[in-house]
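Labels below follow one simple rule: chain letters A, B, ... track the order of the sequence lines, proteins then strands, and each chain is numbered from 1.
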Amino acid sequence: MRAYYSIFRMRRRMETQYRGAVLGGIICQVFFGLILVAVYRAMYAGRPQSMPIEHVASYVWLQQAFFRMLLSNDPDLLDKIRTGGIAYDLCRPVHLYGYYYARILAQKLMGSLLRAVPMLAFALLLPRGWGLSLPAGAPALLCALAALALGLLCMSALENLTMGFTMRTLDHRGMQAMMNLLTITFSGNLLPLTLFPDSWQRVITLLPYAQLLDAPIRLYTGDSALSLAPGILLLQAVWTVVLVLAGCLLWRVNQRRLIIQGG
Amino acid sequence: MAVQPQKRQGFALSYIEVRGVNKFFTVRKKRSRGALFREKETVHALKDLSLDIEQGELVGYIGPNGAGKSTTVKILSGILTPEEGTVTVGGRVPWISRKNHVRRIGVVFGQRSQLWWDVPIQDSFSLLRDIYRVPDGAYQKRLGELTEALQLGDLLRTPLRLCSLGQRMRAELCGSLLHSPELLFLDEPTIGLDAVSKLALRDFLRWENGQRGTTILLTTHDMEDITALSSRVMVLGHGRLLYDGAMRDLLARYDTQRTAAVRYEAPVELSGLPAGCQVARQGETFLVTYSPQAVAAGEVLERLRLAGPIAELTIQPQSVDHLIARMYREMEL
């Protein structure tokens with residue numbers, strides 16, 4: 001276990017190496033947050049939707065704050081596969097899927113923690129209807145945190161599965177472009193899933209993409225009632241198990257038919 | 001010219017035992033016309049390869065580019081699986097008991113990096129310590145030993161991106177040895193190093209091999225590395241083992257040429273040299289090439305002396321690189 005934990009510490013050190021990048025990321029995400037909230041406010045001014053504007057604003061800010069969890073691929077990992085640097089990882093006495101899973105998880109968690117805290121503090125200070133509202137209640141907050149943790153496990157498993165496919169296609173660009181499109185759309189980052197037509201929502205919220213941020217945010221704002229929480233958490237857990245198993249299987253097959261690029 | 005691996009006495013297994021290994025790769029090539037369809041071609045990377053290495057040996061593994069050297073190393077380190085043949089290292093089949101196997105080996109791929117680019121070197125080392133589960137006491141002792149031998153002391157807190165190539169290579173080597181492996185694969189470890197770094201690296205390898213008895217398989221294109229380090233050398237070409245034996249004997253076989261460079265105090269005409277001598281001019285210097293097996297050096301010198309007063313004279317064998325280049329040519333590599 002120590003090896004996998006060590007990966008987290010390494011990632012924390014990496015994140016603190018480039019402080020300017022962290023600041024730049026925060027500014028960029030805050031900018032996007034403000035613009036998006038302004039757009040939804042304009043839309044609501046013409047025709048209010050079923051979901052209150054305060055919830056939409058909270059939804060946007062939470063999405064922006066945890067953007068790095070959602071959409072961050074480790075360029076090192078992808079590059080390793082492309083150039084053959086993965087050879088080193090293959091001669092380590094670790095479970096390879098687990099090693100990469102830990103790396104992906106660490107990247108998502110450490111990367112977003114540094115950014116999320118100042119951003120959420122900022123968003124809480126904004127006027128009502130513009131910024132982040134308080135959670136629907138203490139139980140809702142706890143459920144949301146649990147859902148965020150499970151969602152993170154689920155999303156990391158999905159990304160590690162993509163990594164496994166990258167080992168086959170040898171170039172990550174096509175795979176990653178598709179993955180990014182699906183993630184951005186079905187996670188609620190592009191448009192809050194709560195604003196999709198109800199019939200769409202029934203399907204979209206079941207997909208793994210919705211598990212990372214949409215599920216916890218709905219619990220946070222109270223759009224999903226507390227009574228729904230067990231079902232949501234169960235769905236997340238099922239997805240996580242399925243995706244981890246599929247990933248392990250793919251990695252095992254890959255290891256057997258491996259070619260190291262670049263001599 | 002096929003070479004049988006050096007046969008060992010009795011039934012005892014060698015430390016590394018490779019028997020009849022075949023490895024194929026499929027290479028997709030673009031057709032000359034049309035971008036949609038690609039031709040598949042199978043490359044036979046290792047052809048019926050057999051070899052033995054005993055514990056504590058330092059073996060040089062040479063051959064032209066694409067001979068299959070790296071492929072062998074990757075099979076021995078459990079990364080690749082051969083299509084045919086058997087391999088055991090210390091009684092383990094590398095690709096079957098992978099985790100158990102790699103715990104005991106160290107690998108340096110000269111053109112890749114295992115250390116993290118953005119963080120201080122010692123942080124990368126700590127991660128390796130945790131991956132290999134090296135106890136803290138043993139780790140500190142080993143790190144001290146290695147940093148001293150590789151002169152890394154001041155560099156440990158420097159991020160890798162600020163290190164020079166030579167510093168990086170020393171750090172890479174240190175990283176591969178932190179868990180005190182019993183077997184070390186070095187894939188072109190001296191690539192791009194300056195003379196001082198090269199010499200330091202060789203000293204270190206000799207020390208590691210001599211003091212700790214680490215078995216080392218050294219792949220390189222730098223013949224100086226091989227002559228300085230290993231008594232035994234294996235030559236690979238087109239996936240076949242072409243030579244396995246002492247470096248000395250290999251060199252003796254191809255060491256068939258001497259060049260005497262001579263400069264006279266006044267212009268002269270050279271004549272009457274023994275048959276088989278070739279003369280070339282380079283400015284004022286005559287280059288007389290002869291074969292030591294066919295002509296005695298004394299005869300050549302006698303003729304050179306008779307031609308006039310000599311200002312300067314040197315006699316040199318061919319460089320090891322020339323010998324190896326000729327060997328590759330003669331083996332049709």
Asks: Any chance you could measure B:Glu83, atom CD, to B:His44, atom NE2, to the nearest 0.5 Å?
Replies: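 Here the interatomic distance stands at 8.5 Å.
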Asks: Between B:Tyr139 and B:Gln122, what is the shortest heavy-atom contact and its length?
Replies: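 What the structure gives for the nearest pair is OH-O, 4.4 Å.
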Asks: Is B:Ser124 close to chain A through its backbone or its side chain, or both, or neither, when contacts mean heavy atoms under 4.5 Å?
Replies: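 For B:Ser124, backbone and side chain are both near chain A.
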Asks: Specify which of B:Gly78, B:Gly66, B:Ser113, B:Gly106 makes the most heavy-atom pairs with chain A at under 4.5 Å.
Replies: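 Ranked by heavy-atom pairs under 4.5 Å with chain A, first place is B:Ser113.
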Asks: Can you check whether anything in residues 94-101 of chain B gets within less than 4.5 Å of chain A, heavy-atom wise, and list it by number?
Replies: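 B:Arg98, B:Lys99, listed by number.
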Asks: Please state whether the rings of A:Trp251 and A:Tyr97 are parallel, tilted or perpendicular, taking 30° and 60° as the class boundaries.
Replies: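 Ring orientation, 0 to 90° scale: perpendicular.
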Asks: If you define the side chain from C-beta out and look only at heavy atoms, does anything of B:Leu76 sit under 4.5 Å from B:Ile105?
Replies: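 No, their side chains stay 4.5 Å or more apart.
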Asks: Specify which of B:Arg104, B:Arg133, B:Arg103 makes the most heavy-atom pairs with chain A at under 4.5 Å.
Replies: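 Between B:Arg104, B:Arg133, B:Arg103, the count favours B:Arg103.
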Asks: Working to the nearest 0.5 angstrom, can you tell me the gap between A:Leu114 CG and A:Met110 CE?
Replies: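 Between atom CG of A:Leu114 and atom CE of A:Met110 there are 9.0 Å.
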Asks: Which answer fits A:Tyr99, side chain, backbone, both or neither, if we ask what part of it has an atom under 4.5 Å from a heavy atom of chain B?
Replies: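 The side chain, not the backbone.
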Asks: Check whether any side-chain heavy atom of A:Phe122 lies under 4.5 Å from a side-chain heavy atom of A:Ile26, and answer yes or no.
Replies: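 They are not in contact (no side-chain heavy atoms under 4.5 Å apart), so the answer is no.
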Asks: Could you look at B:Glu172 and say if it's the side chain, the backbone, both or neither that has a heavy atom under 4.5 Å from chain A?
Replies: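 Just the side chain, heavy atoms under 4.5 Å.
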Asks: When rounded to the nearest 0.5 angstrom, what distance separates CG in B:Asp187 from OG in B:Ser77?
Replies: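 Separation between the atoms: 9.5 Å.
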Asks: Salt bridge (Lys or Arg N to Asp or Glu O under 4.0 Å): which pairs involve residues 113-127 of chain B, sequence neighbours left out?
Replies: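 Every salt bridge (Lys or Arg N to Asp or Glu O under 4.0 Å) pair that includes a residue of residues 113-127 of chain B, provided the two are not neighbours, is A:Arg13-B:Asp123, B:Asp118-B:Arg161.
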Asks: Checking heavy atoms, do the side chain of B:Arg129, its backbone, both or neither come under 4.5 Å from chain A?
Replies: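 The answer is the side chain of B:Arg129.
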Asks: For the residue pair A:Phe66 and A:Ala116, what are the closest heavy atoms and their distance?
Replies: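 Heavy atoms of A:Phe66 and A:Ala116 come nearest at CE2-CB, 3.8 Å.
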